[in-house]
Number of protein chains: 2
Amino acid sequence: MAVAVVVVIFTVRDGELSVLLIERSAPPCEGEWALPGGFLRPGETLQAAAVRKLHEETGVADVFLEQLYTFDRLGAGAAEAVVSYFALVDVHRTRLREELEWRPAWHAVRALPKLAFENERVVELARERLRNKLEYTNIAYSLLPERFTLSELQQVYEAILGEAIDKRNFRKRVVGLGIVRETGEVRKHGAHRPAMLYEFTRREPMVL
Amino acid sequence: MAVAVVVVIFTVRDGELSVLLIERSAPPCEGEWALPGGFLRPGETLQAAAVRKLHEETGVADVFLEQLYTFDRLGAGAAEAVVSYFALVDVHRTRLREELEWRPAWHAVRALPKLAFENERVVELARERLRNKLEYTNIAYSLLPERFTLSELQQVYEAILGEAIDKRNFRKRVVGLGIVRETGEVRKHGAHRPAMLYEFTRREPMVL
DNA sequence: CCAAAAGTGTTCTGACTACACCCATGC
DNA sequence: GCATGGGTGTAGTCAGAACACTTTTGG
């Protein structure tokens, strides 16, 4: 009996909130998908194990990562307790492992495959927490590159909240509360009017 | 290495937010105070262990109890992971154990003794969470008897939040949001005007 | 000239704050 | 009659929601 860690790694790809899953290449639950996770190494901290897993699967570090909940008996698994974390990453900064065994892949949260070890519960809880924290913190900073347009940010919010947001109100809120600020620059898209680029006032967790 | 559970049990006594501590009667940290807790029994669930601890120390069951956070290396202790819970009880329903060894006692949060195993961190976190949840849930239901006056409820809120609240605004909020409702009854105090008795609309956790 | 996305202001409503006086009771 | 706590209403402010049109650009 020991302690295990799992990480719910979210990103927004093509306007879809997605989560990183690993295809299991050995029993138990061979062939099913599961959240990245594993047992603590000797002497390793919980947080350190979560950071390690996140880095192993996506190559990223220094992103939003927070403890979520501690489960026991997850899928009658081998672990006495499973400490879950959730993380937010910018999909463009990630580099997934390419092996065919234990292959990681992004899955839209709206269409998850069958998961091993009751991982649905973990994902669902993480998703709720994400929706809540999005409303009163700046955690979205971890989902976008340094500079982005307000439309891009809004798309991220809409993907996570699952509903359309009014452009003007969104701007007022996100700028007014000091979540983001204008950089001087603009970006020229293809066939569109150039757009002002914004940046987060702080690229670390803060409560508003 | 194993998993341990600790429970931060809050109550409000004499207008002071207080927490239940146990005086340690054996090493390590003999003579210091610590939160009630211990290792999981074989086959026992985390939640079940927390419920058990709560019941052992206070005799109460069926109160608000929620997982708080999972620590590791708490005080360089023996546990690989320490899963903390926090609970709210009505002090008048509790019956503390009377033994002199491992004696439990209420301590005002504003004047804690030195705690073992870095339990200060746990208490502080629980306190923050309590303050936050008080604002947007009905968790106070667990701190008062079935029927109570609005003044009593307000005193509980003030003790937890640490600041005075306007009587009229408090009434509007707590009745208006449907946290409590009037019973028909009044209570006659000593030398005062009789007071309307209220009850919580639900004596279980709900988000407002 | 048309399609696509960027940008912009006002009005309304509901929630929260601040604030002061009268009432019923027991002593 | 007075001390104690119970009970009540109003005005101001602020945040959030609803809502439509104009501009720039590339093709």
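Here is the naming used below: chain letters follow the sequence lines, and residue numbers restart at 1 for every chain. Quick caveat: nothing in here was measured; it's all calculated off a predicted structure.
Side-chain nitrogen and oxygen atoms of A/R171 include at least one within less than 4.0 Å of the OP1 or OP2 phosphate oxygen of C/dT8. Dashed line: the shortest gap from a side-chain N or O of B/S151 to OP1 or OP2 of D/dG5 is not under 4.0 Å.
Applying the ring pair (Phe, Tyr, Trp, His ring centres under 6.0 Å) test to every pair with at least one member in residues 81-102 of chain B, sequence neighbours left out, gives these pairs: B/F64-B/F86. Within the structure, every pair that satisfies the ring pair (Phe, Tyr, Trp, His ring centres under 6.0 Å) test and touches residues 184-208 of chain B, not counting sequence neighbours, is listed here: B/F148-B/F200. The list of salt bridge (Lys or Arg N to Asp or Glu O under 4.0 Å) pairs with a residue in residues 106-117 of chain B, not counting sequence neighbours, is empty.
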Listed pairs, N/O of protein and of nucleotides 23-27 of chain D, under 3.5 Å:
{"unit_1": "D/dT23", "atom_1": "O2", "unit_2": "A/R193", "atom_2": "NH1", "d": "2.7"}
{"unit_1": "D/dT25", "atom_1": "O2", "unit_2": "A/A191", "atom_2": "O", "d": "3.3"}

So which protein N/O to nucleotides 19-21 of chain C N/O distances come out below 3.5 Å?
{"unit_1": "C/dC19", "atom_1": "N4", "unit_2": "B/D166", "atom_2": "OD2", "d": "3.3"}
{"unit_1": "C/dC19", "atom_1": "N4", "unit_2": "B/R168", "atom_2": "NE", "d": "3.4"}
{"unit_1": "C/dA20", "atom_1": "N1", "unit_2": "B/R168", "atom_2": "NH1", "d": "3.2"}

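Listed by chain and number, the residues in a side-chain hydrogen bond (donor to acceptor under 3.5 Å, both in side chains) with B/E158 are B/Q154 (sequence neighbours excluded). Every residue two or more places apart in sequence or in another chain that forms a side-chain hydrogen bond (donor to acceptor under 3.5 Å, both in side chains) with B/E56 is listed here: B/R52, B/K53. Shown here are the side-chain hydrogen bond (donor to acceptor under 3.5 Å, both in side chains) partners of A/E99, two or more places apart in sequence or in another chain: A/R97. Partners of B/D166 under the salt bridge (charged side-chain N to carboxylate O under 4.0 Å, His left out) rule, at least two apart in sequence or in another chain, are B/R168. Applying the side-chain hydrogen bond (donor to acceptor under 3.5 Å, both in side chains) test to B/Q155 and every residue at least two apart in sequence or in another chain returns nothing.
Atom pair A/E152:CD and C/dG7:P shows a separation of 11 Å (rounding to whole Å applied). Whole-Å rounding puts the B/E163 CD to C/dA18 P distance at 10 Å. Distance, A/F170 CZ to C/dA5 P: 17 Å, rounded to whole Å. When the C1' atom of D/dG7 is taken as reference, atom CG of B/L150 falls 10 Å away, rounded to whole Å. For the pair A/E135 CD and D/dA17 C1', the computed distance is 14 Å after rounding to whole Å. In this structure, the CD atom of B/E158 is 13 Å from the P atom of D/dG5, given to the nearest Å.
No side-chain donor from either of B/T58 and B/T94 sits under 3.5 Å from a side-chain acceptor of the other.
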Show me, pair by pair, the donor-acceptor contacts under 3.5 angstrom made by side chains of residues 119-127 of chain B, not counting sequence neighbours?
{"unit_1": "B/N119", "atom_1": "OD1", "unit_2": "B/L35", "atom_2": "N", "d": "2.8"}
{"unit_1": "B/N119", "atom_1": "ND2", "unit_2": "B/F117", "atom_2": "O", "d": "3.3"}
{"unit_1": "B/E120", "atom_1": "OE2", "unit_2": "B/L115", "atom_2": "N", "d": "3.2"}
{"unit_1": "B/R121", "atom_1": "NH1", "unit_2": "B/E118", "atom_2": "OE1", "d": "3.0"}

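Direction of the helix axis in the helix from C/dC1-D/dG27 to C/dC27-D/dG1 shifts by 10° between the two five-pair termini, rounded to 10°.
Heavy-atom distances to DNA chain C give each of B/L177 and A/L197 a nearest nucleotide, and the one nearer the 5′ end belongs to A/L197.
When the shell of 6.0 Å around CD of A/E30 is examined, it contains more than 12 heavy atoms from other residues, nucleotides or ligands.
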